[in-house]
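Notes for the one structure printed next.
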Amino acid sequence: MQTDFKKFQAQTTPHPLGLEVDYAKGSYIYTTDGEAHLDFVAGVSACGLGHSNPKIISAIKDQLDRYMHVMVYGEYVQKPAVEFAKLLAENLPKPLSKTYLVNSGTEAIDASMKLARRATGRQEIIAAKNCYHGNSFGALSLMDYEERIAPFRPLIPEIRHINFNAVDELNQITEETAAVILETIQGGAGFIEPRNNYLRKVKKRCEEVGALLILDEIQPGFGRTGKLFSFEYYGIVPDILVIGKAMASGMPIGGFVASSELMDQLSDHPKMSHITTFGGNPVIASAALATLQELLNSNLIAETLEKEKLFRKLLKHDLIEEVRGKGMMIGVICKSEDMANQLVLEAKKNNLILFWLLYEKKAVRISPPLTISNEEIEKGCRIIIGILDKIKTNLT
């Protein structure tokens, strides 16, 4: 299987972690050699309700018995998508009321860029330095990481960059700007949170010049930070909200939400301004609906903040510079890039799944399922501290 994996399936890196998966359940991934691996990554934040959640599986099976794909997006009335969009709107602040369902977070980013240009008649889009919004051409064009974008030029034009949290750069948002697009919490940059009312100041500047504010909640959304969406912490409402990852408990989906006034502009002049065959697929939408219902009807969202406290209590070590993030979106900042790399690879040997971040090379990602137990957190943190102890011993 390992040979066929490398021979027939396209690879994203020269050295993938290569766990050979048999099945997954709860907070564990079980490999074909019979080993149980405690999952502190949750499919890079996608499996918020854990692996093989029975409520999600039941919703998927029920929908499979009714129908699967029947028509391209937006033509037929399909109950799972309608009910999901309605429930989401009921739990978002006004004027966020209409959702466009797509296939991934990166597609949702591209579509939100189109909507911003369509609605404002402007071309310029401002993004943050060290942002990460995905890898399609639109999302890639928002990136300022030359090593990653250089091989794919020319990219989409009229993209400019400002530093996240730099209030003195907000005057670069002008009457030429269609939209400012930001991660509510910067992920790849090292789980950087907004400071000093930064998002409020961005929103105010956008309103002054008639630009739209697009917030990317693909990673922190759906309860990961202790709120349904993390923008709720910062006293603002985006013009366009971009969602994905955990919204269907591991099924492939994305979406963007705006006011009816904004969203309706994609339906005419020209018609089908954005179109997707499989967006809003009823099987996947049923998983999204069941996921949202479970988050709203349980204590999982509130419990993330208590679990964060436990992580912070346990993750204390001389080789840890800082623990960043909010809720179950945690970045462990090691003393060096090499230490972070050793921690991830040694954790794999110890049946604990950790992962890296894109830009911050000293960071190790911890983004477990929201359903993880305190006992599982304690077990995983013991492994981390044990590995760091060995690294420290080898340094002396």
Side-chain angles (χ1 to χ4, degrees), residues 40-46 48 92-93 96 105-106 108-109 112 126-134 139 142-145 161-167 180-203 213-247 254-257 295 301-302 304-305 307-309 311-312 315 321-333 355-370:
F40 267 22
V41 177
V44 190
S45 303
L92 285 172
L96 298 174
T106 194
I109 290 291
S112 71
I126 293 179
K129 294 180 181 179
N130 290 331
C131 69
Y132 180 76
H133 299 285
L142 298 171
M143 199 180 289
D144 71 323
Y145 191 177
H161 294 92
I162 58 176
N163 284 293
F164 194 76
N165 279 326
V167 174
V180 177
I181 180 166
L182 299 170
E183 298 160 88
T184 311
I185 298 174
Q186 281 200 306
F191 292 0
I192 307 298
E193 297 179 63
R195 300 188 299 267
N196 301 320
N197 291 316
Y198 177 67
L199 292 180
R200 285 191 186 185
K201 293 169 183 175
V202 174
K203 174 70 171 177
L213 175 60
I214 303 171
L215 286 185
D216 177 345
E217 288 265 2
I218 294 169
Q219 186 168 179
F222 292 94
R224 183 153 293 278
T225 66
K227 300 277 190 182
L228 187 59
F229 296 101
S230 61
F231 73 81
E232 298 173 63
Y233 284 109
Y234 305 110
I236 60 153
V237 179
D239 296 292
I240 303 173
L241 174 68
V242 182
I243 54 180
K245 282 199 184 290
M247 66 187 285
F256 56 110
V257 192
L295 289 171
I301 295 178
T304 62
L305 299 178
K307 292 173 182 177
E308 176 196 348
K309 291 177 184 177
F311 269 112
R312 289 184 178 276
L315 292 175
E321 286 189 344
E322 183 183 358
V323 176
R324 294 182 189 159
K326 189 181 287 290
M328 293 293 92
M329 184 176 175
I330 295 172
V332 176
I333 312 301
F355 210 59
W356 300 271
L357 294 184
L358 184 63
Y359 299 120
E360 178 50 83
K361 302 300 184 184
K362 297 194 300 179
V364 173
R365 165 191 292 278
I366 294 179
S367 57
L370 306 190

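- Side-chain contact between I218 and I109 is present, with at least one heavy-atom pair separated by less than 4.5 Å.
- V242 has its side chain out of reach of L215: every pair of non-hydrogen atoms, C-beta onward, lies at least 4.5 Å apart.
- Ring centers of Y132 and Y359: at least 6.0 Å apart, outside the cut-off.
- Formation of a donor-acceptor pair under 3.5 Å by the D239 side chain with backbone atoms of L213 is found in this model.
- Between K326 and E308, none of the side-chain N atoms (NZ, or NE/NH1/NH2) sits under 4.0 Å from a carboxylate O, so this pair counts as no salt bridge.
- For S45 (side chain) and Q219 (main-chain N/O), no donor-acceptor pair under 3.5 Å exists by modelled atom type.
- Formation of a donor-acceptor pair under 3.5 Å by the E322 side chain with backbone atoms of R324 is not found in this model.
- With sequence neighbours excluded, the residues satisfying side chain to side chain contact (heavy atoms under 4.5 Å, CB included) with K307 are E303, M328, I372, N374, I377.
- Between H161 and D144, the side chains place no donor N or O within less than 3.5 Å of an acceptor N or O (distance only, hydrogens not considered).
- Between F191 and G331, the shortest heavy-atom distance links the atoms CD2-N, 3.1 Å.
- With values rounded to the nearest 0.5 angstrom, F164 atom CZ is found 8.0 Å from I192 atom CD1.
- A distance of 5.0 Å separates CD1 in I301 from CG in L295, rounded to the nearest 0.5 Å.
- Here the CD1-CG distance, from I366 to L315, works out to 5.0 Å after rounding to the nearest 0.5 Å.
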What do the steps show when you test F311 against F40 for ring-ring contact (aromatic ring centres under 6.0 Å, His included), and what is the final call?
-> CA-CA 11 Å; F311 269 112; F40 267 22; 5.4 Å; yes
